[in-house]
Each structure stands twice: as C-alpha cells, then as structure tokens.
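For reference, positions follow the sequence shown, starting with 1.
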Amino acid sequence: MQKIILISGLTNNHVIGKDNSLPWYIKEDFQLFKEKTLENVIIMGRKTWESLPKKPLSKRENIVISRTMEAGDGYLVFTSLADGIKYSSQEHQDKDIFIIGGASIYTEGLDYATHMYLSHIKKEYEGDTYFPKFDENQWNVTKQKEYDEFVFNVWERK
C-alpha cells in the first residue's frame, strides 16, 4: 500500500520554522530527510518551495501547492493538496508520497497521512511556524532512533 507521510523536524513546542527557514541546521537530520525522500514524491506549499536553497530537489518528483505559481522545469503545481495527492497516487503508485511543509499543508495533510516521520529536536528554538497538534491516540510510534541532537520517530496511523 502506498504511504502518505508527513516528514518534519520539530521542537517540543512544535516549532518548525522561523522567517521562512529552519531555525536549526542538523546535518544528520538533513541526511535522514534526503535518504527517506529520494526516488519518491515530495509535496510542499509555495513558501516551502521558495525557502529551498536548490530547487527542484533532485531525484524526487517535486509538487508545489499554490494558487499563483505555474509549473516549471522539474516541478508540477496543483491548486490543492487533494489534487496533488490524487495525481501522485495515480502516476507514481510505486512511490511514497512525502508532505514536507509548511504548516498549513501539514495541517491539511494530517487527514491524508498514513505515517509521520518526525525528528523531535532536543534543543528549543524560537519560531513563527508550527507543526499542527495531533491526537496521539490515533497514532502509534513504531520505530524510534536516538541521535545526538534529535530523536527520530516513525508514527503509523492506528
């Protein structure tokens, strides 16, 4: 079965961003993100797209959710998350679909997600963008790995 996965780093108070960028740089977390998303589909909002230092992200199907952008070289644009997911699940049945941000896309994506790959950052950071609160009773942590600066959890919907 195809997975729809929210993937993010977040602090204990759910901070995921500040001034349209990550408030931290943790090499191991970036490597984990790359390892998990390579050869799969990534879906993001316009602000997340704009925040990427290099775009599109290579060796991934890049999909942007925006009402103002048009598709370009190496990426597609859809006006709704539902349309982006529908396209991805039809055209890339053999790949996982990763929702990579931002906050409103994560909030909407919670309704579709089968899994969440969350790196819980041990240090607190100030931010202006937050990962949505979710009902932990609807999810099980099925895998956990401790790193120096974060704990990586795989959550599966019950």
W155 and its side chain to side chain contact (heavy atoms under 4.5 Å, CB included) partner, picked from Q144, H115, K143, E136:
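Among Q144, H115, K143, E136, the one meeting side chain to side chain contact (heavy atoms under 4.5 Å, CB included) with W155 is E136.
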
First locate atom CG of L6, then atom CE of M116, and finally report the distance between them rounded to the nearest 0.5 Å.
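So the gap between those two atoms works out to 6.5 Å.
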
Between atom CG of L118 and atom NE2 of H14, what is the distance when rounded to the nearest 0.5 Å?
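Answer for the CG-NE2 pair, L118 versus H14, is 8.5 Å.
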
Should [X] and [Y] be regarded as members of a common hydrophobic cluster, given that ILVMFWY residues are connected when their side-chain heavy atoms come within less than 4.5 Å of each other, either directly or indirectly?
X    : Y    : result
Y106 : V41  : yes
F152 : F134 : no
V64  : L52  : yes

Is it true that Y117 and F33 have ring centroids separated by less than 6.0 Å?
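No, ring centres 6.0 Å or more apart.
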
Main-chain N/O of T142 paired with N140 side-chain donor or acceptor, under 3.5 Å:
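Flag not set: sc N140 to bb T142 has no pair under 3.5 Å.
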
ring-ring contact (aromatic ring centres under 6.0 Å, His included) evaluation trace for F78 with Y87
CA-CA 9 Å; F78 292 90; Y87 166 83; 5.2 Å; yes

What pairs with Y112 under ring pair (Phe, Tyr, Trp, His ring centres under 6.0 Å), at least two apart in sequence or on another chain?
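If we apply the ring pair (Phe, Tyr, Trp, His ring centres under 6.0 Å) test to Y112, skipping adjacent residues, there are no hits.
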
Between K122 and E146, is there a side-chain N and carboxylate O pair less than 4.0 Å apart?
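A salt bridge is present here (some side-chain N lies under 4.0 Å from a carboxylate O).
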
With sequence neighbours left out, what residues match D83 under side-chain hydrogen bond (donor to acceptor under 3.5 Å, both in side chains)?
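S80.
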
